[in-house]
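Only one structure is covered here, and it is reproduced in the block below.
Position 1 is the first residue of the sequence, and the numbers go up from there.
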Amino acid sequence: MQLKLFCLNKTTDEPSCYFLKGMIQGLLQSVGNLPELNVDEKSCKATGADYCAFLTSSHH
């Protein structure tokens with residue numbers, strides 16, 4: 001699923017899909033039996049990438 005709406009007419013040097021990042025983090029936190037996870041945006045359409053990509057990792 002491509003959500004270009006969040007990067008529509010936007011250019012930046014750093015990933016900037018903060019709303020999607022927060023939404024993914026919130027959804028993961030609401031799932032039981034998962035450790036607390038960090039969500040980081042690794043690529044962003046607004047930076048010229050082909051798509052926005054997010055990476056999750058556990059808190060240490």
Side-chain angles (χ1 to χ4, degrees):
M1 176 169 68
Q2 293 186 354
L3 298 171
K4 295 178 183 177
L5 173 68
F6 294 98
C7 296
L8 188 62
N9 298 323
K10 189 174 188 180
T11 54
T12 182
D13 294 332
E14 297 180 15
S16 61
C17 293
Y18 304 111
F19 177 79
L20 285 177
K21 178 181 171 179
M23 191 173 185
I24 293 167
Q25 180 120 21
L27 287 169
L28 291 172
Q29 287 176 349
S30 70
V31 175
N33 300 326
L34 286 179
E36 193 170 338
L37 298 170
N38 289 323
V39 176
D40 292 306
E41 188 175 8
K42 293 300 179 186
S43 66
C44 182
K45 187 98 172 130
T47 65
D50 291 334
Y51 53 87
C52 298
F54 298 85
L55 178 68
T56 59
S57 61
S58 60
H59 286 288
H60 291 285

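- By the side chain to side chain contact (heavy atoms under 4.5 Å, CB included) test, Q25 pairs with Q29, V39, sequence neighbours left out.
- When atom types are taken as modelled, the side chain of S43 and the backbone of D50 share no donor-acceptor pair closer than 3.5 angstrom.
- Between T47 and T12 there is a side-chain heavy-atom pair separated by less than 4.5 Å.
- Residues that satisfy the side chain to side chain donor-acceptor pair (under 3.5 Å) test with E14, not counting sequence neighbours, are absent from this structure.
- Distance CG/L34 to CG/L28: 6.5 Å, rounded to 0.5 Å.
- Interatomic distance, K45 NZ to C17 SG, rounded to the nearest 0.5 Å: 11.0 Å.
- A distance of 10.0 Å separates OG in S58 from CD in E36, rounded to the nearest 0.5 Å.
- With sequence neighbours excluded, the residues that form a side chain to side chain contact (heavy atoms under 4.5 Å, CB included) with L55 are K42.
- Transitive grouping of hydrophobic side chains (ILVMFWY, heavy atoms separated by less than 4.5 Å) brings V31 and L37 into a common cluster.
- The structure places CG of D13 at 11.0 Å from SG of C44, a figure rounded to the nearest 0.5 Å.
- Rounding to the nearest 0.5 Å places CG of D40 at 10.0 Å from CZ of F54.
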